[in-house]
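Inspection log for the structure reproduced underneath, given as structure tokens.
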Amino acid sequence: MMIALTTSDAMEMKMVLHRAMLRAIGIGNSCSLPSAAALNWVLKDGLGRLSRCIYTASLASSFDTNLKRVRFWTSVLFSLSIGVELLTPVFPQYFLMLASIANIAKQISLACYLATSTAVHRSFAIADNLGEVSAKEQIQTVCFDNLGLMLAAAMNILFANNPSLQTGLPFVMYPIFSVLDLFGIYQGLKHVHLQTLTKDRLDIIISTWIQQGFVPSPEEVSKQEGIGLFWSRGRELWSIRIGWLNPRRRTAKLSLNNEDFYFLSLESLTSEPERNQEYAILLCLREGAGTTDVIRGLLHASYVRKGIEACGSSSAVLKQWFNLVGDGKRLTEQNLSLLYEQVLSIGWACKNILLSTQEQAHRYSFRTD
């Protein structure tokens, strides 16, 4: 319902700003040049669609691994683009630049909306009725589109005899409807409970299972995960990162053998001296590592992290690192099957684990592989 209300706000703003943009390029003015207006419009749309292609090609994996975060921030970008379009009648000499910037932002937002809609709809399709959920979403969209258009038309008629007030109306209504729009999107995304596994969700599941003895449901993980407004996750002390050995960061300890499809390492987070150093746990995946190997690696890293918390200081961790890795390995082999069964029984989709481009791009291999 909240998302549908935001559609009404957006439609009202569209009607107002389209009139403003047409006035900015001279349509309705006796001295306007139709061909120049058409050229400006074509350039504006062309730049927007090109940017949309570049955006989707470069950030494709983020639509799966950071769906809520990307969806919300592109909605913020869409609201800002409307504000830029409202400036076109104020600065008509910069119409092409302002309209192009606004259209680029809109095309990026549209690309994200189309890419994430299926996953959002699937989260509500409890009875595998994806088609029905999609159809009802379209019905709500159409209804609130018409409501927004009716409200915009009514306001234009109401202020028809006051041109100055009609001109300033978009600048008054824009911040109000933008806040309502973003609030509705934020509240709507809080009720999206995704069943797919990513590194962050799996980290929450395993940590809860180790500490409290049960596997959380998608709804419970969604509450802990939140919208993820800021990119701070993964920078905490003793966080677990999937990736590769970064030459810019000092690697304190390395546990590697040719039997496993992963290895664990301590990775420095700061450039402080070793005794004051802060570390994270690095999980490197081997070529050919599958879903079970990723779960095994994260479970192993989580057991090591639990052991680290009992050590206290970083210097103690450095001394006992290989013992911690060995104890974690033993616990992982004992409990992996039980964890996997419980994750499946709760309803998580365990066929694949969605990793970001950085997490899956670089994997190591042995010469004998």
Side-chain angles (χ1 to χ4, degrees), residues 64-65 193-222 224-225 233-234 236 238-245 253-267 279-311 317 320-356 358-360 362-366 369:
D64 292 314
T65 55
H193 309 310
L194 302 170
Q195 296 178 331
T196 52
L197 288 175
T198 64
K199 179 265 172 184
D200 288 340
R201 289 181 206 132
L202 196 54
D203 193 4
I204 293 172
I205 291 170
I206 293 175
S207 296
T208 304
W209 186 75
I210 291 176
Q211 295 172 10
Q212 303 180 34
F214 72 94
V215 173
S217 66
E219 182 176 357
E220 292 170 327
V221 171
S222 180
Q224 293 188 51
E225 184 183 31
R233 195 172 183 86
E236 304 89 354
W238 304 123
S239 61
I240 300 172
R241 182 178 75 89
I242 297 179
W244 64 95
L245 296 174
K253 296 287 184 178
L254 194 69
S255 57
L256 177 64
N257 63 67
N258 59 0
E259 296 178 359
D260 296 327
F261 278 83
Y262 67 90
F263 70 82
L264 300 179
S265 172
L266 276 180
E267 183 181 50
Y279 295 98
I281 301 173
L282 174 65
L283 171 61
C284 290
L285 298 175
R286 183 177 173 180
E287 285 288 347
T291 299
T292 305
D293 298 307
V294 177
I295 296 176
R296 179 183 283 108
L298 282 172
L299 180 60
H300 189 181
S302 298
Y303 275 125
V304 171
R305 179 169 58 187
K306 183 180 179 182
I308 286 173
E309 292 171 354
C311 288
V317 172
Q320 301 182 36
W321 171 252
F322 292 106
N323 291 332
L324 292 171
V325 171
D327 293 341
K329 176 76 171 179
R330 177 175 50 80
L331 291 171
T332 298
E333 296 303 324
Q334 290 177 358
N335 299 316
L336 178 62
S337 298
L338 178 61
L339 171 65
Y340 194 79
E341 291 174 2
Q342 292 185 16
V343 170
L344 279 174
S345 65
I346 291 296
W348 288 100
C350 298
K351 185 177 180 180
N352 293 298
I353 296 177
L354 303 174
L355 301 176
S356 67
Q358 293 78 11
E359 292 169 341
Q360 62 185 341
H362 298 276
R363 300 194 178 193
Y364 72 94
S365 62
F366 293 103
D369 287 355

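For reference, positions follow the sequence shown, starting with 1. As the structure is a prediction and not an experimental result, all values here were calculated from the model. When reading the values below, keep in mind they use all heavy atoms of this one structure, side chains included, and skip hydrogens, waters and symmetry mates.
- Side-chain contact between F261 and L285 is absent, with no heavy atoms from C-beta onward closer than 4.5 Å.
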Indicate every side-chain donor-acceptor pair of residues 340-350 with a distance under 3.5 Å to a residue at least two apart or in another chain.
{"from": "Q342", "atom 1": "OE1", "to": "W209", "atom 2": "NE1", "distance (Å)": "3.0"}
{"from": "S345", "atom 1": "OG", "to": "E341", "atom 2": "O", "distance (Å)": "3.4"}
{"from": "S345", "atom 1": "OG", "to": "Q342", "atom 2": "O", "distance (Å)": "2.8"}
{"from": "W348", "atom 1": "NE1", "to": "P216", "atom 2": "O", "distance (Å)": "3.0"}

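- By the side chain to side chain contact (heavy atoms under 4.5 Å, CB included) test, S222 is found to be paired with K68, H193, residues two or more places apart in sequence or in another chain being considered.
- Judged as a side chain to side chain contact (heavy atoms under 4.5 Å, CB included), and not counting sequence neighbours, the contacts of L331 are Y303, Q334, N335.
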Scan the side chains in residues 289-298 for donor-acceptor partners under 3.5 Å anywhere in the protein, sequence neighbours excluded, and list what turns up.
{"from": "T291", "atom 1": "OG1", "to": "K351", "atom 2": "O", "distance (Å)": "3.0"}
{"from": "D293", "atom 1": "OD1", "to": "R296", "atom 2": "NH1", "distance (Å)": "3.4"}
{"from": "D293", "atom 1": "OD2", "to": "G290", "atom 2": "N", "distance (Å)": "2.9"}
{"from": "R296", "atom 1": "NE", "to": "E333", "atom 2": "OE2", "distance (Å)": "3.4"}

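- Remark: side-chain polar atoms of K199 are not paired, donor with acceptor, to backbone N or O of T65 under 3.5 angstrom.
- Evaluation of the side chain to side chain contact (heavy atoms under 4.5 Å, CB included) rule for D260 yields N257, Y262, K329 as partners, not counting sequence neighbours.
- Looking only at side-chain heavy atoms (C-beta outward), Q360 and I242 stay at 4.5 Å or farther from each other.
- Residues T196 and D64 form no side-chain contact, since every pair of their non-hydrogen atoms from C-beta on lies 4.5 Å or further apart.
- Taking the side chain as every heavy atom from C-beta outward, I210 and L299 approach each other to under 4.5 Å.
- Going from atom CD1 of I204 over to atom CD of E220 covers 11.5 Å, rounded to the nearest 0.5 Å.
- Pairing each heavy atom of I281 with each of R305, the nearest pair is CD1-CB, 3.8 Å.
- Here the straight-line distance linking atom CG of L197 with atom CG of D203 works out to 12.0 Å at 0.5 Å rounding.
- By the side chain to side chain contact (heavy atoms under 4.5 Å, CB included) test, Q195 is found to be paired with P218, residues two or more places apart in sequence or in another chain being considered.
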